Amino acid sequence: MLADSILEGLNPEQSAAVQTTEGPVLVLAGAGSGKTRVLTQRIAWLVGVQGIAPESILAVTFTNKAAGEMRERVEKLLGEDAKAIWLTTFHAGCVRILRRDIGHLGFSRGFVIYDEADTLGVIKDALQRHGLSPKTTDPRRLRWRIDQWKNAGVTPAGAAESAYDFEAERAAEIFATYQRLLADAGALDFNDLLLKTVELFERFPEVLGYYQRRWQYVLVDEYQDTNRVQYRLVQMLAAGHRNICVVGDPDQSVYGWRGADIRNILDFEKDYPDTKIVTLERNYRSTQPILDGASGVVENNLSRRRKRLFTEKEGGEKIIIFQARDDREEASYVIRDILNHVRGQGRAHGDCAIFYRTNAQSRVFEEELLKYDVPYVVVGGVRFYDRAEVKDALAYLRLVVNPADSAALRRIVNKPARGIGKTTFERAEQICAERGVTLLEGLRLFGETDAGSRAAPKIRRFLDMHARLRDELLRATPARAMARVLDESGYLAALEKENNPEAETRLENLRELLSAAEDFTRANAEIQDERGELELFLDQVALVSDLDSYDRRDDQVSMMTIHSAKGLEYPIVYLVGLEEGVFPHASSSRDDDGLEEERRLCYVGMTRAKERLTITTAAERMRFGSRTYGIPSRFIEEIPSEVTLREGGPTRARPTPVSESTDPAYDYSYAQDDPGESGGVSPGLRVRHPHFGPGVVLAVKGSGPAQKLKVNFERAGVKTLILKYANLEIG
DNA sequence: TCTGTAGGCGTTTTT
DNA sequence: CGCCTACAGA
């Protein structure tokens, strides 16, 4: 019977969470306690046993990846029926709602979604309109401030009202201008996607009513990460039937800086006094020492609901704590430990993961991995869709879909160089501001008023091209539109003309983008939507992250920030850089709230490990290009000493100059150093790397033992290598 | 208007 | 250290 198979293998608490379908339910799920399993089985139970129509279920997650994985698992249980379930991220779900109903708010349904770079441009524009320079007012700080307001659901008017000093008043004014400029461009930023949906529901009860009736059951994953706007959204949707099930872990709330409000989960019972609470404390992932260590750390947080994870697993290795002299020794220790496990213990590279606090820390590890020729993948950091050429191509498409998109226009108006430079464009901006027309229209007006000027014919040609592309491509497939736009604009030709390895890399990225567009068409062949496929494609790329495309492979070590690691697990985990200032990060150590969030982050990192956890710290570290000295993180002391095993540390010789090192890695480097010359390596030389394959040297930096190369590999793209470690063959 | 270079600055984490 | 911006020169 289906009911039995759904409940099979669940413990009593999980089983209760699955079967309690009516009324508010709060599932407090500790790390590794099978929370995703509960969510998927619960959906299966609703449909397969209770006979609930799939289309009346809404399940919301934070990442596309989580949504995708959940959908996969639900489809396995329910087959075709699963397709009608709304299983989506907050942002993607809101886009879907707004594309249908934003017209009520006087917004075009053809709105574009602005990313970080786009919004920064809008902030700068707003500053300018207030007669302020980006030099005196830091645009990033201002945007951060505006984001904080928006996270909390504060409007420009509200911000102005609560302004307590001149600076806040001015920030509130710029906030208002920023929103106006977005509206003029037909654009919404990430926060607007949520805010506009809330506004829509508040102002148009009949619209809210439609969705309330539609979704009889609402499920929310990672509830501890919701901000006040998301909270409000969920509350409104569940107001009628109150069949709301939220799953989360207050100890894993690590997005406070992005507006997540831990009160949402802590106060859930107050919002719904008849809440059924299910606590999942049995851990299916880690060994007891790892759980004890992680609990030991997080128990230092004062504002915390008591919870104690346990496992039935017997024994387990202690947590290893390694104290390194410097960041390089830290990295080489980790890499060699990985190699020991791979070569000596039959482990796969893919069993191992390295987690750090900030992306910048990945560099040293990458260099060491290259040195020892260990295959790896870095998750996060620069996103594919953040690369300049990819954004340029997409900007052309955006401008086709929405001619008001000023950020897109700003981006590509003179790419490739077509004689519409800074001065010309500034005039267009001025006209746009004075007359309240779109930027493109401002450009047109300028060309007409100054018909005799040098720029006029160039403007006309650009506008003609745009009009032509718009006529031709509005209903085209994304791949066709992309190919056409790159060709017609001369973008591709200009890149090909450059004829150097860097341009080749960029062309390669554009080819990849093109195939992503083709994939999109293939994947959405059956989806019928009144909106053009091109628009749907642009929606998707606006909301994907690098993490979404990460697929764990057996043959690669994974590296990522702890934030990115949330929700993942590995047999062997290295948590690195545990020094005061690095982790906990200096800018979060000011107040108790920040520190407690760092501590939860540490807990998240530690609980990713299934069997073996190594924590490392370094006495010296290169930061901002100069040597800095650190002391071990307080979190290390918070791990109960019974479950730790210390290696390295102050008992060893004091820090010695590198040349006197007994570290074989260093000795090796000096043995290799003698040939003196770098073997006559110079840009343009074709080389072969044992792991990356053939490539061309782009640049040579420095000299002596530290000489570095920038090499463009045919398969792997541009990498910076240390010559003496890279084992390059010439030719 | 475009291109190359010198200086300044930053780094927290990201849907 | 590396990226981005501002600025100078052609």
Side-chain angles (χ1 to χ4, degrees), chain A residues 60-67 88-95 113 115-117 120 124 133-135 138-141 144 147 150-151 189-194 221-222 225-227 229-230 253-260 327 355-364 367 379-383 385-386 388 414-426 453-455 458 494 542-548 560-566 577 581-590 594 597-598 600-602 604-605 621-628 699 701-702 706 708 710 720:
Chain A
V60 194
T61 65
F62 274 81
T63 67
N64 298 302
K65 193 182 178 61
T88 180
T89 65
F90 271 104
H91 294 269
C94 285
V95 169
I113 302 164
D115 68 8
E116 300 254 294
L120 200 65
K124 284 177 185 167
S133 150
K135 276 182 195 160
D138 181 3
R140 283 164 196 280
R141 262 178 88 163
W144 187 83
D147 273 341
K150 296 180 83 160
N151 283 330
D189 66 17
F190 282 127
N191 270 324
D192 282 336
L193 298 176
L194 309 171
D221 191 15
E222 305 276 18
D225 287 335
T226 50
N227 66 24
V229 182
Q230 288 157 334
S253 164
V254 291
Y255 284 103
W257 53 275
R258 216 172 61 190
D327 47 353
F355 303 148
Y356 33 75
R357 178 66 238 269
T358 66
N359 279 305
Q361 287 165 257
S362 70
R363 172 165 275 113
V364 196
E367 287 172 2
V379 184
V382 257
R383 292 189 324 167
Y385 288 101
D386 278 341
N414 205 30
K415 262 182 215 161
R418 50 171 73 88
I420 307 175
K422 205 172 154 200
T423 5
T424 308
F425 201 67
E426 273 172 5
S453 76
R454 199 161 44 148
K458 293 166 178 170
L543 297 174
V544 298
S545 77
D546 187 71
L547 188 63
D548 297 330
M560 66 195 85
T561 64
I562 308 165
H563 282 90
S564 295
K566 189 145 167 263
V582 178
F583 190 26
H585 198 274
S587 39
S588 303
S589 311
R590 298 265 156 107
E597 181 155 313
E598 294 287 304
R600 291 191 293 269
L601 193 57
C602 186
V604 167
R621 175 180 300 280
M622 290 296 279
R623 289 182 86 192
F624 297 108
S626 54
R627 193 166 289 279
T628 58
K701 276 187 285 189
K708 287 186 193 171
K710 225 177 200 160
T720 304

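What you see is a predicted model, and the numbers here were worked out from it, not measured in a lab. Below, chain A is the first sequence line, B the second, and so on; all start at residue 1.
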Item to check | Listed partners of E222(A) passing salt bridge (charged side-chain N to carboxylate O under 4.0 Å, His left out), at least two apart | outcome: K35(A), K566(A)
Item to check | Partner set under side chain to side chain donor-acceptor pair (under 3.5 Å) for R141(A), not counting sequence neighbours | outcome: none
Next on the checklist: Please enumerate all residues that pass salt bridge (charged side-chain N to carboxylate O under 4.0 Å, His left out) together with K415(A), with sequence neighbours excluded.
Outcome noted: D392(A)
Checklist outcome for this item: Sequence neighbours excluded, the answer for salt bridge (charged side-chain N to carboxylate O under 4.0 Å, His left out) partners of D327(A) is none
Checklist entry - Which residues satisfy the ring pair (Phe, Tyr, Trp, His ring centres under 6.0 Å) test with F425(A), sequence neighbours excluded? => result none
Checklist outcome for this item: By salt bridge (charged side-chain N to carboxylate O under 4.0 Å, His left out), R140(A) pairs with (sequence neighbours left out) none
Between protein and nucleic acid, restricted to nucleotides 2-4 of chain B and to nitrogen or oxygen atoms under 3.5 Å apart, what atom pairs and distances do you find?
{"from": "dC2(B)", "atom 1": "OP1", "to": "N414(A)", "atom 2": "ND2", "distance (Å)": "3.3"}
{"from": "dC2(B)", "atom 1": "OP1", "to": "G419(A)", "atom 2": "N", "distance (Å)": "3.3"}
{"from": "dC2(B)", "atom 1": "OP2", "to": "N414(A)", "atom 2": "ND2", "distance (Å)": "2.8"}

Checklist entry - What is the distance, rounded to the nearest whole Å, between atom CG of L120(A) and atom P of dG10(B)? => result 13 Å
Checklist outcome for this item: Contacts of A494(A) meeting side-chain contact (heavy atoms from CB on, under 4.5 Å) (sequence neighbours excluded), chain-then-number -> P416(A)
Next on the checklist: When the C1' atoms of dT12(B) and dT5(C) are compared, how many Å lie between them, rounded to an integer?
Outcome noted: 23 Å
Item to check | Partner residues of N64(A) under the side chain to side chain donor-acceptor pair (under 3.5 Å) criterion, sequence neighbours left out | outcome: D548(A)
Next on the checklist: What I want to find out is whether D189(A) reaches K150(A) closely enough, with some N-O distance under 4.0 Å, to be called a salt bridge.
Outcome noted: yes
Distances for protein N/O vs nucleotides 11-15 of chain B N/O pairs under 3.5 angstrom?
{"from": "dT12(B)", "atom 1": "O4'", "to": "H585(A)", "atom 2": "NE2", "distance (Å)": "3.3"}
{"from": "dT12(B)", "atom 1": "O2", "to": "R357(A)", "atom 2": "NH1", "distance (Å)": "2.5"}
{"from": "dT12(B)", "atom 1": "O2", "to": "R357(A)", "atom 2": "NH2", "distance (Å)": "2.2"}
{"from": "dT12(B)", "atom 1": "N3", "to": "S588(A)", "atom 2": "OG", "distance (Å)": "3.1"}
{"from": "dT13(B)", "atom 1": "OP1", "to": "N359(A)", "atom 2": "N", "distance (Å)": "3.0"}
{"from": "dT13(B)", "atom 1": "O2", "to": "W257(A)", "atom 2": "NE1", "distance (Å)": "3.3"}
{"from": "dT13(B)", "atom 1": "O2", "to": "R357(A)", "atom 2": "NH2", "distance (Å)": "2.4"}
{"from": "dT13(B)", "atom 1": "O2", "to": "H563(A)", "atom 2": "NE2", "distance (Å)": "3.4"}
{"from": "dT14(B)", "atom 1": "OP1", "to": "T561(A)", "atom 2": "OG1", "distance (Å)": "2.9"}
{"from": "dT14(B)", "atom 1": "OP1", "to": "S564(A)", "atom 2": "OG", "distance (Å)": "3.0"}
{"from": "dT14(B)", "atom 1": "O4'", "to": "R258(A)", "atom 2": "NH1", "distance (Å)": "3.4"}
{"from": "dT15(B)", "atom 1": "OP1", "to": "S545(A)", "atom 2": "OG", "distance (Å)": "3.1"}
{"from": "dT15(B)", "atom 1": "O4'", "to": "R258(A)", "atom 2": "NH1", "distance (Å)": "3.4"}
{"from": "dT15(B)", "atom 1": "O3'", "to": "F62(A)", "atom 2": "O", "distance (Å)": "2.1"}
{"from": "dT15(B)", "atom 1": "O2", "to": "H91(A)", "atom 2": "NE2", "distance (Å)": "2.9"}

Next on the checklist: Taking ring pair (Phe, Tyr, Trp, His ring centres under 6.0 Å) as the definition, give me every residue that meets it alongside Y255(A), ordered by chain and number, with sequence neighbours left out.
Outcome noted: W257(A), H563(A)
Next on the checklist: What's the gap between dT11(B) and dA6(C) when it is taken at their C1' atoms, as a whole Å value?
Outcome noted: 22 Å
Item to check | Atom-pair distance (CD on Q361(A); P on dC1(C)), nearest Å | outcome: 18 Å
Review item, nucleotides 7-10 of chain C N/O atoms under 3.5 Å of protein N/O:
none

